[in-house]
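Hydrogens, waters and symmetry mates play no part in the numbers below; they use all other heavy atoms, side chains included. A, B, ... follow the sequence lines: proteins, then strands. Residue 1 opens every chain.
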Amino acid sequence: MTPRIRIHPFSLRDTLECGQFFRFTKIMDTYIVQSSDRIFSLWQKGDFLFYEGVEEPFLIHFLRLDEELNPILKEIDQDPVIHQAIQKYRGLRLIRQDPWECLLSFLCSSAKSIPHIRSMIEILCKSFGRKIFYGNIIGYGFPEPFCIKNSLQLESVRAGFRTTYLVKVNQCIGRDQLLAMKSLSYQEARQSLMRLSGVGKKVADCTLLYSLDFLEAFPIDTWIKKGLQRAYFGGKRTGEKEMENFISNHFGPFAGYAQLYLYHLWRNNPPC
DNA sequence: CGTCAGGTAGCCA
DNA sequence: TGGCTACCTGAC
């Protein structure tokens with residue numbers, strides 16, 4: 001019998017498709033997922049998550065299945081807007097990505113649409129990653145730290161001005177240093193990340209939330225900004241600092257989960 | 001052809 | 001702090 005895990009609440013679809021993670025493809029009801037140098041498949045029926053090509057401990061870590069979701073949702077359920085998002089997408093979970101892959105992925109993301117980001121990452125993997133197999137499907141692992149040496153090697157990635165970001169970050173930091181940031185405070189870790197070329201608040205917060213367990217991180221992109229302005233500030237233009245203060249006061253230490261739900265809500269139902 | 005897209009860096013008030 | 005612009009590239 002195919003191995004499976006019982007989880008509740010859980011929505012594989014919302015978890016993968018809410019924008020926090022890029023390397024998956026959907027075939028019928030099955031998702032082929034790639035992360036670092038793994039390739040495996042996942043599908044869901046009711047409360048059961050079926051999996052193939054991967055071990056259970058990795059999945060539990062990757063999908064944070066040992067984290068009680070309902071208490072967190074209760075904690076952030078502070079107003080009618082977030083309440084609606086929670087009702088609609090309950091089961092959407094934060095993914096714990098590899099920090100190196102996460103950082104580079106979001107380094108590619110600035111001023112690009114999701115299909116473009118996907119394409120850049122895919123070419124990066126094809127150029128630098130090792131071949132990996134799942135049945136007769138061939139995939140490519142994510143490039144390891146320090147393997148991108150200069151911008152010439154990135155020509156085919158067509159990353160534009162992000163090319164220098166990728167090269168510089170490859171010179172400056174590796175996976176261990178990123179993981180070590182877990183022991184810092186949120187502000188310290190954020191500042192450290194922002195010293196890297198191409199890493200501003202948004203990319204730093206994505207890395208902190210999606211890969212380093214800083215659940216208070218709340219990445220603010222243009223969609224979230226528009227939505228927050230309309231939903232919480234009466235449509236008025238709002239200063240960055242005021243917005244940050246509101247978020248941490250209103251949603252608290254699990255604000256990152258609120259970001260996930262609100263982002264998903266506003267991507268599917270644009271606030272403008 | 002112009003505009004714009006999940007942002008950042010650099011410069012200025 | 002807040003506001004502005006250029007930056008590569010590809011799609012509408």
Side-chain angles (χ1 to χ4, degrees), chain A residues 14-24 85 89 92 94-95 97 101-124 126-127 148 150-173 187 189-211 214 217-231 233 236-248 255-272:
Chain A
D14 293 319
T15 297
L16 288 176
E17 296 187 11
C18 73
Q20 60 178 323
F21 181 69
F22 299 105
R23 290 219 290 150
F24 65 89
Y89 303 118
L92 193 178
L94 186 60
I95 295 180
Q97 303 180 220
E101 176 169 341
C102 187
L103 173 62
L104 265 70
S105 298
F106 284 94
L107 214 46
C108 292
S109 76
S110 59
K112 277 292 176 198
S113 61
I114 289 176
H116 270 149
I117 302 167
R118 280 215 154 94
S119 148
M120 284 188 272
I121 295 173
E122 195 174 311
I123 299 170
L124 263 183
K126 274 189 182 160
S127 309
I148 300 169
N150 60 63
S151 50
L152 282 177
Q153 300 177 89
L154 292 178
E155 225 180 327
S156 59
V157 178
R158 308 196 64 71
F161 62 80
R162 303 156 200 78
T163 302
T164 52
Y165 298 163
L166 291 170
V167 173
K168 283 187 182 171
V169 165
N170 262 269
Q171 291 168 164
C172 293
I173 201 163
Q187 289 299 339
R190 197 178 192 224
Q191 289 310 313
S192 312
L193 282 172
M194 285 172 64
R195 280 196 279 273
L196 298 167
S197 171
V199 181
K201 291 179 178 178
K202 162 66 166 58
V203 174
D205 282 335
C206 286
T207 307
L208 294 170
L209 176 61
Y210 302 149
S211 73
F214 287 94
F218 189 107
I220 299 180
D221 54 48
T222 53
W223 288 87
I224 283 281
K225 190 176 279 181
K226 271 186 211 165
L228 289 175
Q229 246 165 52
R230 208 193 59 156
F233 295 94
K236 289 194 299 283
R237 289 185 77 234
T238 310
E240 224 164 56
K241 184 139 196 195
E242 192 185 349
M243 209 169 256
E244 285 179 18
N245 287 337
F246 167 78
I247 288 162
S248 62
Y257 265 99
Q259 192 271 4
L260 229 49
Y261 278 77
L262 290 175
Y263 181 75
H264 198 40
L265 178 72
W266 290 330
R267 275 303 306 228
N268 295 319
N269 319 58
C272 44

Rounded off to whole Å, could you give me the [atom1]-to-[atom2] distance for the [X] and [N] pair?
| X | N | atom1 | atom2 | result |
| --- | --- | --- | --- | --- |
| A:Trp223 | B:dC4 | CH2 | P | 15 Å |
| A:Lys225 | B:dA5 | NZ | C1' | 15 Å |
| A:Asp221 | B:dG6 | CG | C1' | 5 Å |
| A:Met120 | B:dA5 | CE | P | 15 Å |
| A:Arg162 | B:dA9 | CZ | P | 13 Å |
| A:Arg118 | C:dG10 | CZ | C1' | 17 Å |
| A:Lys201 | C:dT1 | NZ | P | 8 Å |
| A:Lys168 | B:dG7 | NZ | C1' | 16 Å |

Test item: A:Tyr261 side-chain N/O and A:Leu92 main-chain N/O as donor-acceptor pair under 3.5 Å: yes
Base, sugar-phosphate, or nothing for [X], non-hydrogen atoms under 4.0 angstrom?
| X | answer |
| --- | --- |
| A:Phe106 | nothing |
| A:Ile224 | nothing |
| A:Gly160 | base |

P spacing across the pair B:dA9 / C:dG10, given as an integer number of angstrom: 23 Å
Distance between P atoms of B:dG6 and C:dG2 (Å, rounded): 24 Å
Gap separating the CD1 atom of A:Ile220 from the CD atom of A:Glu240, nearest 0.5 angstrom: 6.5 Å
Give the nucleotide from the list [options] with an atom nearest to the side chain of [X].
| X | options | value |
| --- | --- | --- |
| A:Glu240 | B:dG7, B:dG6, C:dG2 | C:dG2 |
| A:His116 | C:dG2, B:dG7, C:dA11 | C:dA11 |
| A:Arg237 | C:dG2, C:dG3, B:dG6 | C:dG3 |
| A:Phe161 | B:dT8, C:dC8, C:dG10 | C:dC8 |
| A:Ser113 | C:dG2, B:dG6, B:dG7 | B:dG6 |

Donor-acceptor pair present, A:Lys112 side chain and C:dT9 base, under 3.5 Å: yes
Side-chain donor/acceptor of A:Arg158 to base of C:dC8, under 3.5 Å: no
A:Glu244, CD: over 12 other non-hydrogen atoms inside 6.0 angstrom: yes
Distance below 4.0 Å between A:Lys241 side-chain N/O and C:dT1 OP1 or OP2: yes
Pair A:Glu101 + A:Arg23, salt bridge at N-O below 4.0 Å: yes
Complement of B:dG2, any strand, by Watson-Crick or G-U distances under 3.5 angstrom: C:dC12
Aromatic plane relationship, A:Phe161 with A:Tyr165 - under 30° parallel, 30 to 60° tilted, over 60° perpendicular: perpendicular
5′-ward residue of the pair A:Leu196/A:Cys18 relative to DNA chain B: A:Cys18
Of A:Met194 and A:Ile117, the one whose closest DNA chain B nucleotide lies more 5': A:Ile117
Proximity of A:Phe22 and A:Phe106 rings by center, below 6.0 Å: yes
